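Take a look at the structure below.
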Amino acid sequence: MTLKEYKEKRMKNPSFAEAYTEMQPEFNVIRALIDARNTRGMTQKELSERTGIAQAEISRLENGTRNPSIKLLQRLADGMDMILNVSFTPKPISRSSADKG
């Protein structure tokens with residue numbers, strides 16, 4: 001079973017789907033951080049040296065055991081010579097939302 005198949009199967013469970021949706025913003029931050037670092041071709045150690053943030057702390061951020069502040073995200077962005085952007089995107093209209101209107 002692939003990861004995609006496993007996720008599709010688990011998403012059929014309403015409790016799992018709700019928890020997964022609730023954690024999606026954290027997953028997005030983690031993915032953005034990892035993608036940005038990889039785009040720059042930097043290791044966690046190199047990013048640590050450029051930011052003064054311990055490599056272990058960067059690892060905790062990337063594996064989701066630590067939630068970063070905006071200030072910390074800004075330091076990481078600066079260390080990668082990037083701009084930190086935060087955006088709010090409209091949610092897709094669900095059937096239950098459409099039925100309420």
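Just so we're clear, the structure is a prediction, and the values are computed from it rather than from any experiment.
Residues passing the side-chain contact (heavy atoms from CB on, under 4.5 Å) test with Glu18, sequence neighbours excluded: none. Legend: residues meeting side-chain contact (heavy atoms from CB on, under 4.5 Å) with Ser69, ordered by chain and number and at least two apart, are Lys71, Leu72.
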- Query: Checking side chain to side chain contact (heavy atoms under 4.5 Å, CB included) for the pair Asp78/Thr51: CA distance, chi angles, key distance, verdict?
  - Reply: CA-CA 8 Å; Asp78 289 343; Thr51 61; over 6 Å; no
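Distance check: Asn28 CG to Thr89 OG1 gives 9.0 Å after rounding to the nearest 0.5 Å. To the nearest 0.5 angstrom, Ile58 atom CD1 is 8.0 Å from Met42 atom CE. Between atom OG1 of residue Thr21 and atom CZ of residue Phe27 there is a gap of 9.5 Å, rounded to the nearest 0.5 Å.
Only one option out of Arg10, Glu5, Met11 pairs with Lys7 in a side-chain contact (heavy atoms from CB on, under 4.5 Å); it is Met11.
Leu76 places a side-chain heavy atom less than 4.5 Å from the side chain of Ile53. Residues Leu61 and Pro68 meet the side-chain proximity criterion, which asks for heavy atoms closer than 4.5 Å. With contacts defined as side-chain heavy-atom distances shorter than 4.5 Å, the pair Asn63/Ser59 qualifies.
The backbone N or O of Gly41 lies less than 3.5 Å from no partner atom in the side chain of Asn38, so there is not a single donor-acceptor pair.
Val29 and Ile70 fall within a single hydrophobic cluster, where Ile, Leu, Val, Met, Phe, Trp and Tyr are joined by side-chain heavy atoms under 4.5 Å apart, directly or via other members. Residues Met23 and Phe16 are members of one and the same hydrophobic cluster, defined by side-chain heavy-atom contacts under 4.5 angstrom among Ile, Leu, Val, Met, Phe, Trp and Tyr. Ile30 and Leu73 fall into different hydrophobic clusters, where Ile, Leu, Val, Met, Phe, Trp and Tyr side chains are chained together by heavy-atom contacts under 4.5 Å. In the hydrophobic clustering of this structure, Leu33 groups with Met82; members are Ile, Leu, Val, Met, Phe, Trp, Tyr whose side-chain heavy atoms approach within less than 4.5 Å, directly or through other members.
The stretch residues 28-53 participates, sequence neighbours left out, in these salt bridge (charged side-chain N to carboxylate O under 4.0 Å, His left out) pairs: Arg31-Asp35, Arg37-Glu62, Lys45-Glu49, Arg50-Asp81.
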